[in-house]
Amino acid sequence: MPNNRTYAHPYIPNTVPEVRDAMLKEIGLTRIEQLHDAIPDSLKLNREMNLPPAMTEYELRRHIDGLLAKNKHGAAYLNFLGAGCWQHFIPAVCDEINQRSEFVTAYAGEPYEDHGRFQTLFEYQSLMAELVDMDVVNVPTFDWAQAASTAIRMAGRITGRSVALVPKSVDPDKVMIINNYCTPVMELRFIEIDEATGKMDLNDLRSKLTNEVAAVYFENPGYLGIIEDQGHEISEIAHFVKAISIVGVDPISLGVLQPPSQYGADIVCGDLQPLGMHMNYGGGQAGFIATRDEETYVMEYPSRLFGIVPTEVEGEYGFGDVAYERTSFALREKGKESVGTQTALWGITAGVYLSLLGPTGMQEVGETIMQKSQYAAKKLSAIPGVSLRFAETAFFKEFVVDFNDTGLTVAEINARLSEAGIFGGKDLSGSFPAWGLCALYCVTEIHSQADLDRLADTIQTIVRQP
């Protein structure tokens, strides 16, 4: 807003000149534009927006419908994309319950409007805690990246240190979010990964441990699908310098994989999207954080926690906030982190999913995924010129396919797959250029044997073409 504006905007708060100037003075600035100094000039528009004439409601609807019709989605194509948003089967009851009027808002809920939401969130927290073998689980964060960021900042506050170690195999997009969220209070430093196995290089980890390190963060399974079987040793190395071990996890893997608490994790975080949430063009995400029931950890959660307490009526219980005074709702600008409207609806959805499957169902879906992903990897690696990047390393539902010997780029292969009605794997060429032409493929319980055979046959035909 230009400094010469002498009136308040009717719809934008704090635009009264005197109020605006007082706020700028409080933070040591003289102009609104100084708030944007950290943004590179190349990213700023620096001109008036050239907006088209306003459309009527009908015209606007047709325009938006036309744009949306250009999208291609997993229901119309055979989809092998993953990398943070995965196609899993969604039981119909998940949608039925999360669309009930008592729950349909994503907001965490308040006493005057609560119609069972507090109890359902408590049940979700209890189910997640059982799955990850921890005691305390928060109301969902926006996504896995925010959950990891908050877990790292929690570790920084607990230890009074300012460095977090992160393996180079973590999703580069997630790293950007973590770095943005943790700056300037935490610094990220990166650990090398073993080129042959994709696992963390423990010698490099040891060399980078100092008394500045608050946490070691790693994922299991990781972004590249790899099962990190060094978890216990990584946690021990972190604990040796009194750093906190933080493990990010895909919760749908925990029906078959050991929960992180059993190999030394102090904080567990991850993604809730596999637990009953549709892919939605990158939206509809949610993350979780879990810890032991220790005051040191509980009081560092910035988000809401729900607990159960007896009421004055014998045999009756109520559900409500635990340690509300630690949240930004109570502390406002003095809060540890600012937490606003949360994705509570997805917590309820995840709770429904977990209650439907139970321990046996989670084991069955995990085993099914592993069987199908192993079959797909075997079929693809049998194609001349195609191989697995980490052939000797165990993986869960995602794996890296190497196309360097095909003479084709990943982009070319994916374009031809798209013509055949198939979404190929995510191109890793830009994120991990040292590996050359590699792609990340994802296989879940929704893929049939015929789907996997069709993928392999189509790729074989593509690489044979001149």
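Residues: numbered from 1 along the sequence shown.
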*Asks:* Can you confirm whether Asp194 sits close enough to Met200 that some side-chain heavy atom of one is under 4.5 Å from a side-chain heavy atom of the other?
*Replies:* no
*Asks:* Are Phe390 and Trp435 an aromatic pair by the rule of ring centers under 6.0 Å?
*Replies:*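 Phe390 vs Trp435: aromatic centres under 6.0 Å.
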*Asks:* Do Arg117 and Phe103 form a cation-pi contact, if we require the NZ or CZ to be under 6.0 Å from the six-membered ring centre and within 45 degrees of the ring's axis?
*Replies:* no
*Asks:* Any sub-3.5 Å donor-acceptor pair from Thr393's side-chain atoms to Ile226's backbone N or O?
*Replies:*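 Absent.
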*Asks:* Thinking salt bridges, do Lys397 and Asp250 make one under a 4.0 Å N-O criterion?
*Replies:* yes
*Asks:* Does the side chain of Ile246 come within less than 4.5 Å of Ile244's, by heavy atoms?
*Replies:*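 In short, these two side chains touch, coming nearer than 4.5 Å.
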*Asks:* Taking only Lys NZ, Arg NE, NH1 and NH2, and the carboxylate oxygens of Asp or Glu, determine whether Glu398 and Lys426 approach each other closer than 4.0 Å.
*Replies:* no
*Asks:* Just to verify, which of Lys372, Lys378, Lys379 counts as forming a salt bridge (Lys or Arg N to Asp or Glu O under 4.0 Å) with Asp453?
*Replies:*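 With Asp453 as partner, salt bridge (Lys or Arg N to Asp or Glu O under 4.0 Å) holds for just one option, Lys379.
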*Asks:* Taking Thr343 for its side chain and Trp346 for its backbone only, find out whether a donor-acceptor pair lies under 3.5 Å.
*Replies:* no
*Asks:* Going by heavy atoms in the side chains, are Val463 and Ile383 under 4.5 Å from each other?
*Replies:* yes
*Asks:* Are Lys44 and Asp41 close enough for a salt bridge, meaning some N to O gap below 4.0 Å?
*Replies:* yes
*Asks:* Got Arg161 and Glu187 here, is their nearest side-chain heavy-atom distance under 4.5 Å?
*Replies:*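 In short, these two side chains do not touch, never coming nearer than 4.5 Å.
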*Asks:* Do Arg416 side-chain atoms and Ile413 backbone N/O form a donor-acceptor pair below 3.5 Å?
*Replies:* no
*Asks:* Aromatic rings Tyr263 and Phe218: how do their planes relate, parallel, tilted or perpendicular, breaks at 30° and 60°?
*Replies:*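 The arrangement is tilted - the two ring planes meet at 30° to 60°.
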*Asks:* Does the separation of the ring centres of Phe423 and Tyr77 fall below 6.0 angstrom?
*Replies:*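 Yes, ring centres under 6.0 Å apart.
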*Asks:* The test is salt bridge (Lys or Arg N to Asp or Glu O under 4.0 Å); show your working for Glu195 and Arg389 and say whether it passes.
*Replies:* CA-CA 9 Å; Glu195 286 295 315; Arg389 177 70 193 179; 3.5 Å; yes
